[in-house]
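Remember, predicted model here, so these are calculated numbers, not experimental data. A note on names: the letters A, B, ... follow the listed sequences, proteins ahead of strands, and every chain is numbered from 1.
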There are 2 protein chains.
Amino acid sequence: MPDEKKPAFAGNITADDVAAEAGVSRWTVNRAFRKDASISSKSLEKVRIAAERLGYVPDLRAASLASDRSNLVALLIDDFANPHKLVMMERLTRILRREGWDILLVNTLDRADAGHALLNASQRRVDAVILIGIQFDDEVLDTALHARRFRKLIIFARTSRNPNTISIAVDDVHAMKEIANYVHERGFRRPMFLAGPRTSSAHLLRKETFVDYWRQHFGSEPETVSVSAYDPTLAAGIVENALAGRNKATLPDILVCENDALAIGATDVIRHKLGLRIPQDIAITGFDDVPQAEGANYRLTTYRQPLTDMAEYLVKVLGSEEDRDFDRLFQGKLMIRDSA
Amino acid sequence: MPDEKKPAFAGNITADDVAAEAGVSRWTVNRAFRKDASISSKSLEKVRIAAERLGYVPDLRAASLASDRSNLVALLIDDFANPHKLVMMERLTRILRREGWDILLVNTLDRADAGHALLNASQRRVDAVILIGIQFDDEVLDTALHARRFRKLIIFARTSRNPNTISIAVDDVHAMKEIANYVHERGFRRPMFLAGPRTSSAHLLRKETFVDYWRQHFGSEPETVSVSAYDPTLAAGIVENALAGRNKATLPDILVCENDALAIGATDVIRHKLGLRIPQDIAITGFDDVPQAEGANYRLTTYRQPLTDMAEYLVKVLGSEEDRDFDRLFQGKLMIRDSA
DNA sequence: ATTAATTTTGCTCCCGCGAGCAAAATGTCC
DNA sequence: GGACATTTTGCTCGCGGGAGCAAAATTAAT
């Protein structure tokens with residue numbers, strides 16, 4: 001009788017086994033699993049059946065080793081407190097997988113760890129590295145680029161001026177000017193800007209744009225406050241400190257936040273700790289348009305990044321063999337809701 | 001002369017190059033990068049220096065191919081709408097990386113896609129698969145186990161009765177009884193249970209436990225409502241439908257939610273669409289203790305899963321060569337806040 | 001049918017490293 | 001210094017598949 005014992009580990013079935021079963025050579029078997037295969041439909045069918053019976057799937061490690069293409073990209077992330085990261089990961093993983101790219105997820109603990117994370121990725125011989133964290137400053141990038149172990153280094157959803165990286169991001173300058181204009185149009189006159197960590201010049205782009213634009217066009221100098229991470233909880237603490245004890249006259253009339261993570265933390269504390277109403281006592285704007293921004297609780301006026309388009313462009317870049325300048329800025333959309 | 005052109009792609013430096021530079025054999029070079037290495041400190045130093053100069057790092061694909069150990073685990077996720085997933089990912093990736101495991105992140109689009117996702121992982125010859133999604137029902141598991149392409153199949157943060165999987169989860173039965181008792185103690189008498197998708201029997205555990213326990217100990221039969229995904233937005237819609245138009249007498253006095261994702265959606269709609277106060281008009285409990293549950297806005301009474309302990313146990317399981325029953329239930333902790 | 005053009009198949013030689021063993025080097029003891 | 005134990009080093013062979021070419025099979029053209 002056939003032994004019906006518990007299913008054994010079957011990782012050791014190789015193309016040779018399938019070749020024997022199908023009565024063809026090993027190379028024909030391997031060809032059957034490549035899309036560019038030059039193979040007759042007859043032997044393809046034979047191989048399919050034999051592979052099915054034996055439970056064979058090609059070993060991508062070996063394929064990658066022999067072909068020098070891993071079809072693997074590393075995704076380096078650090079700030080898991082930011083809910084927008086979840087959205088970005090979902091979008092990226094979905095679209096990348098659809099195009100045949102696998103993803104190595106690396107949690108970069110802190111700035112000092114960035115180098116190790118990059119090394120980690122390089123040992124798997126990833127074809128590209130995608131950075132969606134915040135702690136990858138110029139120094140880290142330079143180290144990575146110096147080692148030069150990846151074909152492409154992509155900064156996703158953040159502008160980078162480094163000429164050796166590929167930056168796929170929303171046009172922050174345009175976006176912040178649009179926000180500034182909207183804020184002013186709606187009659188707000190004393191904005192406060194809530195900024196994130198200042199780890200590199202690129203992060204200052206939104207803040208600088210807003211502040212400079214406001215000063216130049218509307219005269220006054222906006223207050224600014226900054227938080228050391230894009231974390232709603234931290235933002236709440238900072239905002240509470242910054243606004244506690246103020247009265248109608250000294251309170252900003254709107255809090256312009258660098259992103260939704262900060263705006264959400266700010267909203268919570270303004271309502272529940274400071275007892276103020278949004279937008280009557282103080283309005284709020286965000287950036288990113290995370291899912292909860294649309295929910296009944298926040299109704300946050302924010303700026304939507306065209307993440308899907310950006311991810312689609314990303315896979316196009318990954319697939320390209322050219323060595324040109326792939327940097328690209330996308331235009332987002334101001335989502336007007338109740339918070340401002 | 002040595003060509004000093006711009007930093008080239010340096011993925012092609014091999015142990016042989018380092019061996020030549022250091023004046024040792026290739027095997028000594030490789031040994032220098034293994035921790036169990038039997039190597040003299042003198043040649044280790046020589047190799048380190050040479051490797052540093054050439055920018056060499058071992059190729060893990062080749063190592064994995066030769067040793068039949070990839071040190072890679074696949075992480076399969078599907079419900080990215082649930083904020084708790086972000087917490088789980090952070091914890092898992094951090095602890096796994098610390099122990100030398102790399103992570104292949106696979107976004108499982110839907111139930112039909114689960115098989116492909118598993119195949120995907122198997123082609124990279126991962127040492128184990130970790131499931132933290134919801135759509136991996138018994139049928140999917142059986143298919144995966146039948147193919148048997150992984151040494152270990154771990155269901156994380158969800159109980160599974162399948163004897164061939166390893167389930168690392170919180171003790172749902174104990175937890176729900178604790179919640180039921182607490183709810184009753186605090187004087188609530190007409191609970192409604194808000195459940196998630198009913199894709200497999202395992203998902204019903206919390207609901208069934210609560211409902212059965214309540215019926216047996218407190219007489220009445222709780223109402224139940226279910227949402228097709230752990231998504232706050234969906235939960236909001238369902239709850240609005242379920243509660244709209246009710247008055248004091250017909251409204252449940254507490255909404256017991258299967259997890260925080262549902263509780264958050266429910267909270268938003270109860271406050272902002274139905275205009276009710278929490279907990280005065282209706283109380284709420286959750287499960288998971290996501291970061292925002294503690295925030296000023298929700299102050300959600302919920303049940304904390306000991307994620308760190310669970311993740312630590314997971315790496316222990318991964319490292320073990322034994323073939324015994326690794327299933328384990330952890331005890332969590334009821335976090336009492338303002339929502340109930 | 002014959003020859004040439006084209007597709008399909010099989011083969012050699014790698015890809016970069018590890019297991020396991022034999023040779024060489026080093027250390028130990030009297 | 002000699003005999004032996006112990007560490008360190010080098011080597012053969014294989015992990016599973018790809019590039020690229022030559023042989024074989026098929027198709028097209030005359």
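Using a 3.5 Å distance cut-off with no hydrogens or angles, the side chains of Thr165(B) and Ser160(B) do pair a donor with an acceptor. For the residue pair Arg91(A) and Thr308(A), a side-chain donor N or O sits within less than 3.5 Å of a side-chain acceptor on the partner.
Looking at heavy atoms from C-beta onward, Leu72(A) lies out of side-chain contact with Ile103(A) at the 4.5 angstrom threshold. Here the side chains of Asp127(B) and Leu318(B) are not in contact, with every heavy-atom distance at 4.5 Å or above.
Checking dC17(C), dT9(D), dT9(C) against every side-chain atom of Ser38(A), the shortest atom distance belongs to dT9(C). In the set dT9(C), dT9(D), dG18(D), dT9(D) carries the atom at the smallest distance from any side-chain atom of Ser40(B). Considering only the side chain of Arg31(A), dG20(D) comes nearest among dG18(D), dT9(D), dG20(D). Checking dG17(D), dG14(D), dT9(D) against the side-chain heavy atoms of Ala66(B) singles out dG14(D) as nearest. Across dC17(C), dG16(C), dG17(D), the shortest atom-to-atom separation from the side chain of Leu65(A) is found for dG16(C).
Look at CG on Leu60(B): it is 14 Å from P on dG16(C), rounded to the nearest Å. Atom CG of Asn30(A) and atom P of dC15(C) are 18 Å apart (whole Å). With rounding to whole Å, Asn71(B) atom CG is found 11 Å from dG18(C) atom P. In this structure, CD1 of Ile39(A) is placed 17 Å from C1' of dT6(C), rounded to the nearest angstrom. Taking atom CD on Gln123(A) and atom P on dG16(C), their separation rounds to 15 Å, with Å as the unit. Per the geometry, NZ belonging to Lys35(A) stands 11 Å off P belonging to dG18(D), to the nearest Å. Here dG20(D) presents its P atom at 12 Å from CG of Asp68(A), a figure rounded to the nearest Å. Remark: P of dT7(C) and NZ of Lys42(A) are 17 Å apart, rounded to the nearest angstrom.
At a cut-off of 3.5 angstrom, the base of dT12(D) holds at least one donor-acceptor pair with the side chain of Trp27(B). Looking at Arg26(A), its side chain has no donor and acceptor atom pair within 3.5 Å of the base of dG10(C).
Using a 4.0 Å heavy-atom cutoff across all strands shown, Tyr56(B) reaches sugar-phosphate atoms only and no base atom.
At dG10(D), one or more side-chain N or O atoms of Ser25(B) fall inside 4.0 Å of OP1 or OP2 (strictly under the cut-off). Regarding contacts with the backbone of dC15(D), every side-chain N or O of Thr14(A) stays at 4.0 angstrom or more from both OP1 and OP2. A sub-4.0 Å separation between OP1 or OP2 of dG18(D) and a side-chain N or O of Arg61(B) is absent. Distances shown here put a side-chain N or O of Ser43(A) below 4.0 Å from the OP1 or OP2 atom of dT9(C).
Here the CG atom belonging to Asp102(A) is positioned 9.0 Å from the OG atom belonging to Ser70(A), to the nearest 0.5 angstrom.
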